[in-house]
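In this chain, numbering begins with 1 at the start of the sequence shown.
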Amino acid sequence: HRAVLAHDGLELGQALQAGVGARMLVGGDDLRFALFLGDFHRHDLVIEAAGKQQLISPTSKAALAYDPRTGKELWRVNTPYPVFSPPSAANDRIYFGMGHGDLVNTAEQVRANEILKLTQQGRSRAEIEEKTRHIKPGGEVWCLDLKKGTGEQSIVRDKKWPVRAGQTVLGAVVVGPERNRIYFGSRDGKLYCCDAETGEVKAARDLHAPIVTSPAVGKEYAYVVSGDGRLHCISIQDDTLDPLWDTPLGGPGLYVSSPTVARGHVYVGTAADGLRCIGRVGKRPPAIWTHGDRGGRVERSSIPPRSQLDWRYPREEGPKIAVTAPLLCLGEMPAKPPQEGKNRVERESPIFVPCVLDGKPSLIKLRPNTDAKQGREAKKFSDEERLVWTVPFERPIRIAPVGVGTTIYVVDGEPGHEGRTLRCIDAVTGRVNWAMTIAPDAPGRMSLDANHLVVWTKPNTITCYPTLTPAPP
């Protein structure tokens, strides 16, 4: 039942006289109190810490906390730079950025403007130097740990804190979905990813234009608007900050709108071209495995620095197996074909193994152990439970199979063998969708993308087939 309003210095009628940076709290139709903080500041944040609500408010060179009911100051933290960044909170910690410069001006321009103003006022050269020497490029991100105390006691100064950037940080410091990373942009043109606990910079991606807005961070991607009018999509998996795509938002101008993500779209406001809606709702692209002899990763989940044996197939008393070509993984997929009337689909991440099993050339599907997560129980399987299906072949598979989505492509035999075949196999059921003969002396190696399969079908011939249909080509 309370609204926090920021006042930029305009007159508030008879209730308040004109003042720069007024802050007021309104309950119902009554003005409860007003705070004059003496300088321009931007965004507030209401949190609960130490059993009480606190209104966190950045100012020109401080971050303050008030009682949101009475306006009483609870604590303050003085800062070396102006704080324009909206505060963020997670795990009883508060994060905010700072630095000289604003949405329009760099630190150099701010200093030049201040020198001009003082010169017009008739100040001496020494006085001007004294009043402007502190205005220089640079930015920082601070962390306040409210478990350690309030005010100056809460400033985290150990490990890698504060995080330093080349220029000011104007947008919010966004806490990632796992709450162990923070992301922010700077006027130096870089998007930063840092450890939320230690402040260590895990990655920094240079977008080659100032960033004065807040990033929008999802589970896998971050969306950032750069000062040259482009929207960037950045992967945040494995702390890589790999750029995936970028698109123009309009003509030259001032881009100060932070992106918002909803319903499969990214929304961005522009000064000259209105509200832009980027993207379209669609399905997640299918997993692709075309690494061949090089091995690889179908997912970008982290790999632990140490490991131990989780399972093996077969066990010592099980069937005899000899692996004949690189394994194939296609990530998570349905464990069984969809059934009518059942909305819940059990999923698994199987491994496909070209092998000779008990003397028979085969491609087999193995089910790995499941972890206890997302409501599932951890489960370990016997050899019989682990082997999902077997597709027999006339000759051993020597060439690395490839796959996309739930479809696998396999060439058996080696160059020189008669009757070699290329087979298209359903990864869920093991059904052979189609098979075709290739030349005995064909290399047989394959590659693919989401729409095309490319195969050496003859010694001097590469053939391209569509992957969008299980029907024979």
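For the salt bridge (Lys or Arg N to Asp or Glu O under 4.0 Å) condition, the pairs that include at least one residue of residues 101-111, sequence neighbours left out, are Arg111-Glu129. Within the structure, side chain to side chain donor-acceptor pair (under 3.5 Å) contacts touching residues 141-160 (residues at least two apart or in different chains) are Glu140-Trp142.
Here His100 pairs with nothing under the side-chain hydrogen bond (donor to acceptor under 3.5 Å, both in side chains) rule; sequence neighbours left out. The salt bridge (Lys or Arg N to Asp or Glu O under 4.0 Å) check on Lys61 picks up nothing, with sequence neighbours excluded. Residues that satisfy the side-chain hydrogen bond (donor to acceptor under 3.5 Å, both in side chains) test with Asp239, not counting sequence neighbours, are Arg181. With sequence neighbours left out, Arg230 forms a side-chain contact (heavy atoms from CB on, under 4.5 Å) with Ser226, Asp228, His232, Asp246, Pro248. Under the side-chain hydrogen bond (donor to acceptor under 3.5 Å, both in side chains) criterion, Ser186 pairs with Asp188, not counting sequence neighbours. Qualifying salt bridge (Lys or Arg N to Asp or Glu O under 4.0 Å) partners for Lys190, counting only residues two or more places apart in sequence or in other chains: none. In terms of the side-chain contact (heavy atoms from CB on, under 4.5 Å) criterion, residue partners of Ala65 (sequence neighbours excluded) are, by chain and number, Gln54, Ile56, Leu74, Trp75. Judged as a side-chain hydrogen bond (donor to acceptor under 3.5 Å, both in side chains), and not counting sequence neighbours, Thr461 has no contacts. Residues satisfying the salt bridge (Lys or Arg N to Asp or Glu O under 4.0 Å) test with Glu127, not counting sequence neighbours, are Arg123. For Arg125, there are no salt bridge (Lys or Arg N to Asp or Glu O under 4.0 Å) partners, not counting sequence neighbours.
When every heavy atom of Asp273 is checked against every heavy atom of Arg276, the shortest pair comes out as O-CD, 3.4 Å. Across all their heavy atoms, Ala172 and Phe184 have their closest contact at O-CB, 4.0 Å. Annotation for Phe96 and Ala63: closest pair CZ-CB, 3.9 Å, computed over non-hydrogen atoms. Closest of all the heavy-atom pairs between Val217 and Gly176 is CG1-CA, 4.4 Å. Shortest non-hydrogen contact noted between Trp161 and Asp195 is CZ2-O, 3.9 Å. The minimum heavy-atom distance between Gly227 and Tyr255, with the atom names listed, is O-CD1, 4.1 Å.
Ile425 contributes atom CD1, which lies 9.5 Å from atom CZ of Phe352 (distance to the nearest 0.5 angstrom). The distance from the CG atom of Asn369 to the CG atom of Asp310 is 4.5 Å, given to the nearest 0.5 Å. Here the CG atom belonging to Leu453 is positioned 8.0 Å from the OH atom belonging to Tyr465, to the nearest 0.5 angstrom. Here CG of Leu116 is found 12.0 Å from OG1 of Thr132. Values are rounded to the nearest 0.5 Å.
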**Request:** Could you walk me through whether Val77 and Ile155 pass the side chain to side chain contact (heavy atoms under 4.5 Å, CB included) test, one step at a time?
**Result:** CA-CA 8 Å; Val77 171; Ile155 302 175; 3.5 Å; yes
**Asked** Could you walk me through whether Tyr81 and Thr168 pass the side chain to side chain contact (heavy atoms under 4.5 Å, CB included) check?
**Response** CA-CA 9 Å; Tyr81 298 102; Thr168 185; over 6 Å; no
**Asked** Would Val224 and Leu207 count as a side chain to side chain contact (heavy atoms under 4.5 Å, CB included) if you check the C-alpha gap in whole Å, the side-chain angles of each, and the deciding distance to 0.1 Å?
**Response** CA-CA 9 Å; Val224 188; Leu207 301 183; 4.0 Å; yes
**Asked** Passes side chain to side chain contact (heavy atoms under 4.5 Å, CB included), Glu197 versus Asn180? Steps please.
**Response** CA-CA 7 Å; Glu197 175 70 22; Asn180 63 348; over 6 Å; no
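Between Pro86 and Pro58, every side-chain heavy-atom pair lies at or beyond the 4.5 Å cut-off. Thr407 has its side chain out of reach of Leu330: every pair of non-hydrogen atoms, C-beta onward, lies at least 4.5 Å apart. The side-chain heavy atoms of Asn78 and Arg76, taken from C-beta on, include a pair separated by under 4.5 Å. Between Ile236 and Tyr221, every side-chain heavy-atom pair lies at or beyond the 4.5 Å cut-off. Considering only heavy atoms from C-beta on, Val455 comes within 4.5 Å of Leu422 through its side chain. Contact check for Val169 versus Met98: no side-chain heavy atoms found under the 4.5 Å cut-off. Here the side chains of Cys143 and Arg93 are in contact, with some heavy-atom distance below 4.5 Å. Taking 4.5 Å as the limit, some side-chain heavy atom of Val261 sits within range of a side-chain heavy atom of Tyr223.
Put simply, the side chain of Thr213 never gets that close to the backbone of Gly171: no donor and acceptor are under 3.5 Å apart. Using modelled atom types, one side-chain atom of Asp426 and one backbone atom of Val428 make a donor-acceptor pair closer than 3.5 Å. The backbone N or O of Leu241 lies less than 3.5 Å from a partner atom in the side chain of Arg205, making a donor-acceptor pair. Side-chain N or O atoms of Arg187 include one that pairs as donor or acceptor with a backbone N or O of Leu103 at under 3.5 Å. Of the possible polar contacts, one joining the Tyr95 side chain to the Ala196 backbone as a donor-acceptor pair under 3.5 Å is found. With Asn113 contributing its side chain and Gln109 its backbone, the two residues share a donor-acceptor pair below 3.5 Å. Using modelled atom types, one side-chain atom of Ser88 and one backbone atom of Val173 make a donor-acceptor pair closer than 3.5 Å.
Around the CD atom of Gln121, the shell of radius 6.0 Å holds more than 12 heavy atoms that belong to other residues, nucleotides or ligands.
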